[in-house]
Amino acid sequence: MTIAAIALFVAAPVALASGPMPPAAVMPVGQSAAEDPDAVAERFFSAWRESGTDAAINTVRADFATVAGAADLAERFRPNFEACVRAYGKIVRWEKVASDTQGSLIRRDIYLVQHEHFVTRWIFIFGHTNEGWVIQHWGFADQPDDSWFD
């Protein structure tokens with residue numbers, strides 16, 4: 001069963017989603033951009049493993065490109081994170097299996113993530129902006145196909 005193929009590509013402002021608003025104490029979008037994309041992914045996976053869904057979503061908010069609607073998009077995927085943990089168990093470990101760049105401004109990293117009962121594949125596309133390295137797109141898949149081995 002496919003839980004989700006998450007795609008957060010924000011090229012233009014989006015309409016606000018209805019639903020619960022994020023807590024006031026969360027970090028604003030784009031506030032912790034890193035000089036190293038590896039640090040962004042490490043923060044995300046560590047937060048999810050150690051502190052759960054709220055921490056993972058807050059990390060995405062903090063490291064996502066500062067564009068209109070990014071925080072709302074991160075929040076929309078809360079059910080996917082929670083379903084993933086229910087179906088596959090908590091994250092045990094992760095490893096980066098590929099990294100490709102386009103010049104000095106775009107980088108794609110692919111991670112395999114071991115849950116207690118399953119392995120998922122995560123893709124992060126980072127952009128190097130005036131804010132540092134930020135997430136421009138991210139997603140995961142839980143159904144292996146040939147692309148997992150490209």
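In this structure, Gln136 CD and Ile106 CD1 are separated by 4.5 Å, a value rounded to the nearest 0.5 Å. With values rounded to the nearest 0.5 angstrom, Ile57 atom CD1 is found 4.0 Å from Arg78 atom CZ. The structure places CZ of Arg121 at 7.0 Å from CG of Asp145, a figure rounded to the nearest 0.5 Å. The line from CZ of Phe140 to CG of Leu112 is 13.5 Å long, rounded to the nearest 0.5 Å.
Connection of Val85 to Val113 is established within a shared hydrophobic cluster, with ILVMFWY side chains joined at heavy-atom distances below 4.5 Å, either directly or through further cluster members. No continuous path of hydrophobic side-chain contacts links Ile123 to Ile135 [ILVMFWY only; heavy atoms under 4.5 Å]. A single hydrophobic cluster is not seen to contain both Phe124 and Val97; linkage of ILVMFWY side chains at heavy-atom distances under 4.5 Å, directly or through other members, places them apart.
Here the shortest heavy-atom pairing between Cys84 and His115 reads SG-CE1, 3.6 Å. Nearest heavy atom pair, residue Trp94 against residue Ile91, reads CE3-CG2, 3.6 Å. Listed here is the closest heavy atom pair of Pro144 and Asp142: CD-O, 3.6 Å. For Arg49 against Val92, the heavy-atom pair with the smallest separation is NH1-O, 3.3 Å. Trp133 and Leu105 make their closest contact through CZ3-O, 3.9 Å (heavy atoms, listed as atom of the first residue, atom of the second, distance). For the pair Ala141 and Trp148, the tightest heavy-atom approach, listed with the atom from each and the gap, is O-CZ2, 3.5 Å.
Residue pairs that meet the salt bridge (charged side-chain N to carboxylate O under 4.0 Å, His left out) test with at least one member in residues 98-116, sequence neighbours left out, are Asp38-Arg107, Asp100-Arg108, Arg107-Asp109.
Within the 6.0 Å centre-distance limit, the rings of Trp48 and Trp122 are counted as a close aromatic pair.
Heavy atoms from other residues, nucleotides or ligands lying under 6.0 Å from CD of Glu95 number more than 12.
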- Message: With side-chain hydrogen bond (donor to acceptor under 3.5 Å, both in side chains) as the criterion, how do Ser46 and Glu50 come out once you've worked through the C-alpha distance, each side chain's angles and the decisive distance to 0.1 Å?
- Response: CA-CA 6 Å; Ser46 292; Glu50 303 301 324; over 6 Å; no

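Checking each of Tyr111, Phe126, Phe81 against Trp138 for a ring-ring contact (aromatic ring centres under 6.0 Å, His included) leaves exactly one that passes, namely Phe81.
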